[in-house]
Amino acid sequence: MGNAEEPASTSRYNPYGRNNQRGGPRGRRKYDNSGDSSQRDGGYNKMARFGLPIRDGDGDSEWYKILIPWGKKAEKEFVLNSIKRLIDVPFVPTDYHFEEHNVVFHVNDKAAANAIRGVTKRITMPSGHKMNIIVKPSYPPVTVLSEEVIEKLKVCMSNRYDPVTKTLNLSSLHTDKDMVEAKYYISLARRQVMSNVVKIIKENIPELCSLDLSENKLMNVDDLSPLVPAAVDMKALKLSNNKITSIECLKRLKEWKLDVLCLDNNPLRDKFNDQSSYISAVRNIFPKVLKLDNLDLPPPITFDIEARTDLPKAKDNFFPSPEVQSVIVKFVKDYYMVYDSDDRTGLMGAYHDEALFSLSVAYNSAVSYKQTSLATYIDDSRNMAKAPKDGGRRQKLKLKSGNQVVSQLCLLPKTMHDPNTFMLDCGISTPVMMNFTVQGVFKETSTKSDNPPIRAFSRTFVTVPGGSGMLIINDMLTITNPSQDQRLSAFKNPAPTPSSSPVPQTAPVNNPFQGTGFTEIQQQMITSFMNDSRMNSEWSIKCLSQNDWSYEKAGQNFLELQQQGKIPQEAFNK
Amino acid sequence: MGLTEEAQLKVDQACQAAKEFSKLYYETMDKKRHLLAKLYQETAEEIWNGNVHKGKDEILKTLGELPATEHKVESLDCQPIPDSISPGQFTVIVKVYGTVSYTSNNLRSFHQSFILTSQNNVWKIISDTFRFQDKY
């Protein structure tokens with residue numbers, strides 16, 4: 001009844017024990033290195049398909065894969081308990097999951113694996129059929145990818161990437177030589193693998209244009225869809241030889257304006273009676289496809305007016321002028337330096353006597369991770385979108401005015417903001433008022449935990465001239481939890497040191513908000529630019545800030561204008 | 001050390017306006033996009049993720065080009081802006097945080113602030129700043 005004990009030094013266990021005993025053309029085979037003796041598809045090919053190298057088992061950490069065909073139909077508890085009831089050996093099922101309609105789990109113990117194999121066909125499923133249990137030796141299952149595996153995956157991907165054509169070939173990833181040699185069975189059909197691959201692409205090669213995902217046993221492209229808004233230049237996608245059953249799932253990728261698409265050898269093709277309905281369905285999702293399954297299609301005739309489904313590109317900080325930019329940047333820097341310090345009373349000088357402050361807090365409904373509680377803020381939160389619990393009596397108290405403002409700020413949890421995440425937008429800028437919003441993330445430093453909560457915030461200020469520059473008259477702070485991406489990328493780079501030595505300005509400033517204070521990097525750029533262009537500081541600053549502080553862009557802009565003779569003589573007067 | 005009665009009255013008025021405005025704005029944006037321009041003043045300015053648009057016509061055009069939206073407001077706050085800044089015209093600032101989904105795009109968190117001013121007893125947007133919470 002099964003080959004229970006085989007010699008310890010032997011190689012791969014023969015998974016088709018019973019059948020083998022009945023004998024194929026070669027009769028009862030000795031256990032040998034070339035894998036299973038099933039003659040149907042040749043042992044070698046089968047092992048190669050699993051990405052397992054053909055060699056002796058090495059006896060260390062033996063893992064076995066347990067496959068129960070149609071097991072998905074029964075409850076997990078039923079399956080595991082019925083097996084447990086029949087065997088003496090305790091076992092721990094690792095990563096119990098489904099592959100199509102089959103149950104798959106792994107066990108780390110030879111005796112357990114053999115025992116489990118022994119109960120095949122001895123349990124009756126709720127459907128009335130006998131439970132067939134297939135047990136095969138395997139590599140350790142990859143569930144959550146460890147740092148190590150991810151690093152190896154990155155290297156593997158970079159070897160498969162051609163920067164000239166911006167093509168990434170991830171075809172048959174599970175048979176990749178390097179991954180297999182490192183003993184990692186990495187299949188793109190596994191969600192964690194696909195999500196990590198997508199993340200790696202997002203972070204390293206968002207300019208990707210062509211992606212080959214053929215032969216990866218993919219059943220859908222769900223976990224590929226987060227890549228769509230990030231890889232905006234994608235033009236070619238190969239999904240041949242996978243297990244995609246429905247063309248509908250490709251709708252998630254329709255933002256990609258694909259020219260080339262390969263879907264051959266997927267079950268989805270069978271749903272179409274003829275080639276033309278297939279092509280129609282494809283064109284419905286990707287109207288611009290010119291080459292499908294390696295066949296050229298006639299260019300589609302479309303209407304010029306299509307409803308836009310893509311979003312305009314986001315730009316960074318907006319300021320109406322470089323002077324306003326420098327005023328606001330300096331203000332924000334100084335403000336947060338005090339705000340993040342141990343004593344916020346230093347902020348009193350920044351507020352007008354009649355200033356108003358309010359705080360509004362809400363959970364982030366766009367994230368799926370379990371969010372840290374916002375309880376510390378809720379009592380002070382003024383959120384008119386939610387019905388107040390106490391009938392609004394306390395609402396009046398939540399708007400702080402005058403010197404209550406800074407007292408309230410001192411009561412809020414201590415913080416450290418990450419200026420690298422800051423995004424500034426200036427809405428109004430007139431001689432009598434300025435309005436701007438700062439968005440970004442901060443962490444709460446009052447708790448002595450290793451993992452202080454990271455929050456996302458948006459703070460809108462209205463300021464008026466006064467004090468040593470400007471005074472805050474309205475301060476509205478919204479706090480919520482960050483997105484997963486924001487959490488992971490916050491506080492990664494050392495914060496830029498706020499520098500404040502002013503650059504002498506030669507131009508008179510008309511508006512009362514005097515601009516001073518460029519960052520160190522900006523100052524360096526200004527000096528170099530003055531040197532290179534021979535323009536004075538005022539014009540150099542103008543050119544640099546009009547080109548978003550990109551030295552290259554500013555340089556090109558300058559050369560263009562100079563050639564066109566558009567730069568006045570005064571630009572060069574010191 | 002709270003607000004004077006007069007000031008408190010202004011606050012209440014502002015809050016009332018904010019609640020009505022927020023409901024109206026997002027309903028219009030989601031279901032009757034073509035009517036959106038009526039809410040903006042002629043010379044209003046709108047910044048969408050760093051892209052600035054000036055004037056009612058340009059604003060209507062660019063907002064009109066965005067895919068169909070579905071907004072959900074998670075938090076709403078507002079404050080009146082002092083008289084001294086805009087004498088004679090009651091002006092308030094409204095701050096919204098919520099989530100929005102565009103056809104076939106993922107759900108995004110956004111922050112938006114409006115400056116509204118009353119003209120002939122009608123509220124008009126003079127400034128609108130919108131930005132997603134994160135890059136993707």
Side-chain angles (χ1 to χ4, degrees), chain A residues 202 225-226 229-230 251-252 254-255 307-318 354 356 358-367 381-386 395-397 399 401-404 423 425 427-428 432-433 435 437 439 456 458 460 462 464 473-474 476 478 480 482-483 485-486, chain B residues 1-3 7-8 11-12 15 18-19 22 45-52 62 65-68 72-82 84-86 93-109 111-113 115 126-136:
Chain A
K202 261 194 193 184
S225 57
K251 286 195 173 154
R252 292 162 175 265
K254 67 196 285 222
E255 293 300 306
R308 250 179 107 160
T309 48
D310 53 337
L311 299 174
K313 239 181 145 158
K315 296 213 182 97
D316 279 354
N317 309 311
F318 172 75
E354 291 166 11
L356 293 173
S358 58
L359 165 66
S360 195
V361 159
Y363 284 95
N364 187 337
S365 55
V367 299
S381 164
R382 196 170 175 249
N383 182 354
M384 298 183 284
K386 310 280 183 207
Q395 289 302 323
K396 290 201 171 40
L397 302 170
L399 178 61
S401 64
N403 50 17
Q404 290 174 336
M423 207 50 100
D425 284 313
I428 292 193
V432 300
M433 83 177 243
N435 154 243
T437 302
Q439 257 176 240
S458 169
T460 300
V462 176
V464 293
I473 196 144
N474 293 92
M476 299 173 76
T478 299
T480 180
S483 71
D485 274 348
Q486 282 180 307
Chain B
M1 195 28 277
L3 300 166
Q8 187 57 53
V11 168
D12 292 339
C15 290
K19 279 192 263 198
S22 157
E45 228 177 73
E46 180 249 337
I47 310 176
W48 194 90
N49 284 304
N51 295 292
V52 68
T62 40
E65 281 174 358
L66 292 176
K72 179 164 183 283
V73 173
E74 299 287 350
S75 89
L76 174 64
D77 190 10
C78 86
Q79 290 180 4
I81 288 186
S84 44
I85 297 183
S86 58
I93 176 161
V94 178
K95 193 161 168 63
V96 177
Y97 158 65
T99 52
V100 59
S101 68
Y102 299 88
T103 39
S104 81
N105 272 282
N106 297 333
L107 194 61
R108 307 287 299 266
S109 290
H111 295 271
Q112 189 161 16
S113 60
I115 297 189
I126 51 175
S127 169
D128 166 7
T129 303
F130 176 102
R131 199 178 264 282
F132 290 133
Q133 185 169 297
D134 52 13
K135 283 202 170 149
Y136 292 130

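All values below come from the heavy atoms of this structure, side chains included, with hydrogens, waters and symmetry mates left out. In the text below, chain A, chain B and the rest are named by the order of the sequence lines, each starting its count at 1.
- Interface remark: Ser483(A) contributes backbone and side-chain atoms alike to the contact with chain B (heavy atom separation under 4.5 Å).
- By number of non-hydrogen pairs under 4.5 angstrom with chain B, the leading residue of Val361(A), Asn435(A), Val367(A) is Asn435(A).
- Proximity to chain A is limited to the side chain of Ala18(B), based on heavy atoms less than 4.5 angstrom apart.
- In this view, Asn51(B) and Lys315(A) satisfy the side-chain hydrogen bond (donor to acceptor under 3.5 Å, both in side chains) rule, not counting sequence neighbours.
- Top candidate by heavy-atom pairs under 4.5 Å with chain A, chosen from Val73(B), Thr129(B), Ile85(B), is Ile85(B).
- Remark: side-chain polar atoms of Gln404(A) are paired, donor with acceptor, to backbone N or O of Ser401(A) under 3.5 angstrom.
- Scanning for ring-ring contact (aromatic ring centres under 6.0 Å, His included) contacts around Phe130(B) gives Trp48(B), Phe110(B), Phe132(B), with sequence neighbours left out.
- In this structure, Ser360(A) contributes its side chain and Arg382(A) its backbone to a donor-acceptor pair below 3.5 Å.
- Across His111(B), Glu46(B), Arg131(B), the residue that shares the most heavy-atom pairs under 4.5 angstrom with chain A is Arg131(B).
- Between the side chain of Gln133(B) and the main chain of Gln486(A), no donor-acceptor pair closer than 3.5 Å is present.
- For Thr478(A), the parts sitting under 4.5 Å from any heavy atom of chain B are the backbone and the side chain alike.
- Interface remark: Lys19(B) contributes side-chain atoms only to the contact with chain A (heavy atom separation under 4.5 Å).
- Interface check for chain A: of the options Ile126(B), Val52(B), Val11(B), Thr62(B), the most heavy-atom pairs under 4.5 Å are formed by Val52(B).
- The parts of Asn364(A) that come within reach of chain B are both its backbone and its side chain, each placing non-hydrogen atoms under 4.5 angstrom from that chain.
- Using a 4.5 Å cut-off between heavy atoms, Ile81(B) touches chain A through backbone and side chain atoms alike.
- A pairwise comparison of heavy atoms in Leu359(A) and Asp77(B) identifies N-OD2, 4.1 Å as the closest pair.
- Inspection of the Glu74(B) and Thr480(A) side chains reveals no N or O donor paired with an N or O acceptor under 3.5 Å.
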